[in-house]
Number of protein chains: 2
Amino acid sequence: MNKINNYEEQCAFQEILKIIGGKWSMSIIYILFSGKKRFNELQRTVPHINTRMLVKELKNLAEYKIISRKVFATVPPTVEYSLTEKGKKLEPIINDFYNWGVDNLYEYPGK
Amino acid sequence: MNKINNYEEQCAFQEILKIIGGKWSMSIIYILFSGKKRFNELQRTVPHINTRMLVKELKNLAEYKIISRKVFATVPPTVEYSLTEKGKKLEPIINDFYNWGVDNLYEYPGK
DNA sequence: CGGAATCCGCGTCGATACTG
DNA sequence: CAGTATCGACGCGGATTCCG
């Protein structure tokens, strides 16, 4: 009854992780749960990320329609990022994931 | 009411991802949902993983008590890996994650 | 069988500087 | 403000070989 564990499922898993398993993706999505954010806001909120990485991740997430990018033709330019419906569906999952981590990982201080 | 998005939470997130956000961790855990597995079984089931990476991941996961490692003093040696209670708690989360990926990512064929 | 050890390329990531 | 461009290093991860 358990169709888990076949080779194709594993490959699918790896594809999924390639998209949102990166170093920064989850952090960015996590931040966007609280609403749309501008580029600089994101950069300030995600610890240690740099411009290039943030641009790259945002582009990637937008490509898969997890986030949407809205440009306002103002001076200076304004760009807003927000979650799409797909992205919003991740909220409970990522929250569970985060909570699991806090509950189960943090009693191990040392590397 | 949303305490999300502060700097420390973000750092915590990055710590968690460092532990189970690697290229192979989730795949291995996913496989172990269906029961204990031996080293070679895992290596055969996870696509493209090699010995070194598998050893490394198993060691890491065991260190954080997500999986447990049982050695049987037989000849030839037998080692069984299985999920701990902590690891089992991940099952619904990773399943949700996987399902989300299949539902939302697979209509994008291209790179 | 289940690892450990070594060697090494290649891609990722980071820092910096620059642009519309 | 919101990126783009370029460069260089470092470390991840792959292949191979050896060991108990």
Side-chain angles (χ1 to χ4, degrees), chain A residues 7 10-11 13-28 31-32 35-64 67-83 111, chain B residues 7 10-11 13-29 31-32 35-64 66-83 111:
Chain A
Y7 189 86
Q10 280 297 315
C11 287
F13 212 104
Q14 297 191 3
E15 287 300 314
I16 294 166
L17 285 176
K18 234 187 267 180
I19 297 165
I20 45 170
K23 189 174 177 184
W24 307 107
S25 313
M26 295 244 204
S27 286
I28 295 170
I31 291 170
L32 288 177
K36 51 188 163 190
K37 294 278 180 293
R38 300 181 56 180
F39 188 87
N40 267 355
E41 269 184 290
L42 288 170
Q43 186 154 14
R44 269 182 276 110
T45 312
V46 181
H48 307 123
I49 200 171
N50 64 20
T51 308
R52 207 174 66 89
M53 283 301 108
L54 183 53
V55 171
K56 205 174 161 189
E57 282 302 327
L58 290 171
K59 207 174 275 179
N60 184 50
L61 292 173
E63 181 182 355
Y64 285 94
I67 64 174
S68 73
R69 181 174 183 273
K70 257 180 211 135
V71 184
F72 298 88
T74 53
V75 177
T78 299
V79 181
E80 272 179 6
Y81 293 92
S82 59
L83 293 173
K111 117 61 181 293
Chain B
Y7 189 87
Q10 281 298 315
C11 287
F13 213 105
Q14 297 190 2
E15 288 300 314
I16 294 166
L17 285 177
K18 234 187 268 178
I19 297 164
I20 43 170
K23 189 174 177 184
W24 307 107
S25 313
M26 295 245 205
S27 286
I28 295 170
I29 296 170
I31 292 171
L32 289 176
K36 51 189 162 190
K37 294 278 180 293
R38 299 181 56 181
F39 188 87
N40 269 353
E41 268 184 291
L42 287 170
Q43 186 154 14
R44 269 183 277 110
T45 312
V46 181
H48 308 121
I49 199 170
N50 64 19
T51 308
R52 205 174 68 89
M53 284 301 109
L54 183 53
V55 171
K56 206 175 160 187
E57 282 302 326
L58 290 171
K59 205 174 277 177
N60 183 51
L61 292 173
E63 182 182 354
Y64 286 95
I66 294 165
I67 64 174
S68 73
R69 181 175 183 274
K70 258 181 209 132
V71 184
F72 298 89
T74 54
V75 177
T78 300
V79 182
E80 271 179 6
Y81 294 92
S82 59
L83 292 173
K111 116 60 176 292

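Throughout, a chain's letter reflects where its sequence line sits, starting with A, and its residues are numbered from 1. Keep in mind that the numbers below use all heavy atoms, side chains included, and drop hydrogens, waters and symmetry copies.
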In short, B:Thr45 meets A:Gln10 closest at the heavy-atom pair O-CG, 3.6 Å
Students should find that the end-to-end axis angle of the helix from C:dC1-D:dG20 to C:dG20-D:dC1, with five pairs defining each axis and rounding to 10 degrees, is 50°
Rounding to 0.5 Å, atoms NZ (B:Lys36) and CG (B:Leu42) come to a distance of 13.5 Å
Side chain to side chain contact (heavy atoms under 4.5 Å, CB included) filter on A:Arg44, not counting sequence neighbours, yields A:Asn40, A:Glu41
Quick note, salt bridge (charged side-chain N to carboxylate O under 4.0 Å, His left out) partners involving residues 67-77 of chain B, not counting sequence neighbours, are none
In numerical order, the residues of residues 50-60 of chain B whose heavy atoms come under 4.0 Å of DNA chain D are B:Asn50, B:Arg52, B:Met53
- Task: Look only at the side chain of B:Gln14 and the backbone of A:Pro47, and say whether a donor-acceptor pair between them is shorter than 3.5 Å.
- Result: yes
Min and max contacting nt of DNA chain C in 5' to 3' order, chain A heavy atoms within under 4.0 angstrom, are C:dC13 to C:dG20
In whole angstroms, the gap separating P of D:dG13 from CD1 of B:Ile28 amounts to 12 Å
Rounded to whole Å, CD of A:Glu41 lies from P of D:dC1 at a distance of 11 Å
When rounded to whole Å, the CZ to P distance for the pair A:Arg38 and D:dG3 reads 10 Å
Here the salt bridge (charged side-chain N to carboxylate O under 4.0 Å, His left out) pairs for residues 15-28 of chain B, sequence neighbours left out, are B:Glu15-B:Lys18
Next item on the list: Please tell me if the side chains of B:Met53 and B:Lys56 come closer than 4.5 Å, counting only heavy atoms from C-beta onward.
Entry: yes
